[in-house]
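Data first, discussion second: the structure below is written as structure tokens.
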Amino acid sequence: MSITTQQTLTSTDPSAAIVEMRRQGFSIVRNALDPDQVQALRVAITTHFRHSGRMRYGGKIQLRALQAVDGLAATALSADLAEVIRTHVGHSTPLLTGECDVMMNTTSGWHKDITPDMNLGSSLFEADDFAVYKVGIYLQDQTAGSPAALRVRPGSQRCGDVATGPVVRLETHPGDVVVFDVRIDHAGQAPDLATRLLGRATRMIARLSGRDADMMLTRIRQILRRRPDRVALFMTFGPDNHWTHDYERSGRHRHGPATALRPDAMRSFQAVGIEIIAPD
């Protein structure tokens, strides 16, 4: 297992990973998950989306997926992923916020995962002890030239507004794990021209008919899709300090309140020595 930053191999030493995260706001851990784990994750998520999930952003999403998706916690929370998390937290106790999203075929523009409606203030962009990070696991090849490649602006985790500046496209392969600061500017696959035109049409139809524009767009894109589904999983974690707890609490209006994990999920947490913020 090796940590990559801007496609350049660096040390697996936790202190080196932390320095790089503070400097540029992201890293890539190559081959963190084995092929069987990747396949099991893909099956669990795509099976869930056959009958469940919310139609948004031209695809499907599921919030609080550790609780909602059968078998996800047991598969995702492996010793290898726990080691990735511990490497980026250092000597602090690693703590999952419970925010876990799975997505399929969604599109995305530039954004931060810290938004003004969270009311966390601007001081967090200067705080040296802020280390709330997100794990991104992409379950298919995404070359640097692919429209699906995650794009980031290195160093933008220190800027309060979505900024301009150099963009790095992150090449990932099944088994790789991306770790990025929730404050960094990032974007997934941008909607292409066809999706933008369909979006305009479905919004117009929705205004006239009262139907759900997101649902119509997702269904049309799925019918027209001729490529394998794009699937990704995201989990948020940080050290056990006030920033991690504040982030979790301030995001409940989007993700819903923290809920108790099922017994199989709790056993997975206990097996790898990772803690999660408990429901109030």
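By convention here, the first residue in the shown sequence is residue 1.
The 12-atom threshold is not exceeded at CZ of Arg211, counting heavy atoms of other residues, nucleotides or ligands nearer than 6.0 Å. Around CG of Asp240, the count of heavy atoms belonging to other residues, nucleotides or ligands within 6.0 Å exceeds 12. Residue-environment remark: NE2 (His91) stays at or below the threshold of 12 foreign heavy atoms within 6.0 Å. In this structure, Arg252 places its CZ atom where more than 12 heavy-atom neighbours from other residues, nucleotides or ligands lie under 6.0 Å away.
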Inset, instruction - Report the C-alpha separation of Arg200 and Met204 in whole Å, then their side-chain angles, then the decisive distance to 0.1 Å, and conclude whether the side-chain contact (heavy atoms from CB on, under 4.5 Å) test is met. - result: CA-CA 6 Å; Arg200 292 176 189 171; Met204 184 180 298; over 6 Å; no

Inset, instruction - Could you walk me through whether Gln37 and Ser78 pass the side-chain hydrogen bond (donor to acceptor under 3.5 Å, both in side chains) test, one step at a time? - result: CA-CA 9 Å; Gln37 189 177 4; Ser78 64; 3.0 Å; yes

Inset, instruction - List the steps and the verdict of side-chain contact (heavy atoms from CB on, under 4.5 Å) for Met216 and Leu198. - result: CA-CA 9 Å; Met216 286 189 288; Leu198 282 171; over 6 Å; no

Inset, instruction - Under the side-chain contact (heavy atoms from CB on, under 4.5 Å) rule, what do Phe125 and Ile114 come out as? Steps first, then yes or no, please. - result: CA-CA 10 Å; Phe125 292 102; Ile114 294 285; 4.1 Å; yes

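The backbone N or O of Asp214 lies less than 3.5 Å from a partner atom in the side chain of Thr218, making a donor-acceptor pair. Of the possible donor and acceptor atoms, none in the side chain of Arg151 sits under 3.5 Å from a partner among the backbone N and O of Leu170. In this structure, the side chain of Asp181 does not engage the main chain of Tyr133 through any donor-acceptor pair within 3.5 Å. Side chain of Arg221 to backbone of Gly58: a donor-acceptor contact under 3.5 angstrom is found. Between the side chain of Arg196 and the backbone N or O of Pro191 there is at least one donor-acceptor pair closer than 3.5 Å. When atom types are taken as modelled, the side chain of Asp229 and the backbone of Thr46 share no donor-acceptor pair closer than 3.5 angstrom. No donor-acceptor distance shorter than 3.5 angstrom exists from the side chain of His173 to the backbone of Glu171, with no hydrogens or angles considered. Judged by distance alone, with hydrogens and angles left aside, the side-chain atoms of Gln157 form a donor-acceptor pair with the main-chain N or O of Arg22 at under 3.5 Å. In this structure a side-chain-to-backbone donor-acceptor pair under 3.5 Å is missing from Arg230 to Tyr138. Counting only distance, with no hydrogens or angles, the side chain of Ser52 and the backbone of Phe49 share no donor-acceptor pair below 3.5 Å.
Taking Ile61 as the reference, Arg54, Arg56, Tyr57, Leu63, Met103, Thr106 meet the side chain to side chain contact (heavy atoms under 4.5 Å, CB included) condition, with sequence neighbours excluded.
Side-chain contact check for Val43 versus Thr75: every heavy-atom pair is 4.5 Å or farther apart. When side chains are defined from C-beta on, Leu41 does not count as touching Val38, because their heavy atoms never get closer than 4.5 Å. A 4.5 Å side-chain heavy-atom check between Gln24 and Glu20 finds at least one atom pair inside the cut-off. For the pair Ile45 and Gln62, the minimum side-chain heavy-atom distance is 4.5 Å or more. With a 4.5 Å cut-off on side-chain heavy atoms, Phe269 and Leu66 count as touching. Side-chain contact check for Leu261 versus Gln67: some heavy-atom pair is nearer than 4.5 Å. You'll find the side chain of Pro174 reaches within 4.5 Å of the side chain of Asp141, heavy atoms only. Looking only at side-chain heavy atoms (C-beta outward), Trp110 and Val167 come within less than 4.5 Å of each other.
One finds the CG atom of Asn105 at 8.5 Å from the CD atom of Gln189 (value rounded to the nearest 0.5 Å). Annotation: the span from Glu248 atom CD to Ile276 atom CD1 amounts to 9.0 Å, rounded to 0.5 Å. With values rounded to the nearest 0.5 angstrom, Lys112 atom NZ is found 12.5 Å from Met118 atom CE. Atom CZ of Arg203 is separated from atom CG of Leu217 by 8.5 Å, given to the nearest 0.5 angstrom. How far OG1 of Thr47 is from CG of Leu72: 11.5 Å, rounded to the nearest 0.5 Å. The OG1 atom of Thr107 lies 8.5 Å from the CG atom of Asp192; values are rounded to the nearest 0.5 Å.
Salt bridge status for Glu99 with Arg254: absent, with no side-chain N to carboxylate O gap under 4.0 Å. Looking at Arg183 and Asp113, no side-chain N of the basic residue comes within less than 4.0 Å of a carboxylate O on the acidic one, giving no salt bridge. The pair Arg158-Asp128 meets the salt-bridge criterion, since a charged nitrogen lies less than 4.0 angstrom from a carboxylate oxygen.
Placement of Leu81 and Val89 within a single hydrophobic cluster is found when ILVMFWY residues are connected by side-chain heavy-atom separations under 4.5 Å, directly or transitively. Hydrophobic clustering (ILVMFWY, side-chain heavy atoms < 4.5 Å, transitive): Met21 and Tyr247 are in distinct clusters. In the hydrophobic clustering of this structure, Ile85 does not group with Val132; members are Ile, Leu, Val, Met, Phe, Trp, Tyr whose side-chain heavy atoms approach within less than 4.5 Å, directly or through other members. Linking ILVMFWY side-chain heavy atoms closer than 4.5 Å, directly or via other members, places Trp243 and Val182 in a single hydrophobic cluster. No continuous path of hydrophobic side-chain contacts links Phe237 to Leu124 [ILVMFWY only; heavy atoms under 4.5 Å].
Val272 and Ala82 make their closest contact through CB-CB, 3.8 Å (heavy atoms, listed as atom of the first residue, atom of the second, distance).
Test Asp176, Thr87, Val84 against Val29 for side-chain contact (heavy atoms from CB on, under 4.5 Å) and you get one pass: Val84.
Applying the 4.5 Å side-chain rule to ILVMFWY residues, one finds Ile277 in the same cluster as Leu95.
Using a 30° and 60° split on the angle between ring planes, Phe180 and His186 fall in the tilted class, from 30° to 60°.
A donor-acceptor contact closer than 3.5 angstrom links the side chains of Arg42 and Gln140.
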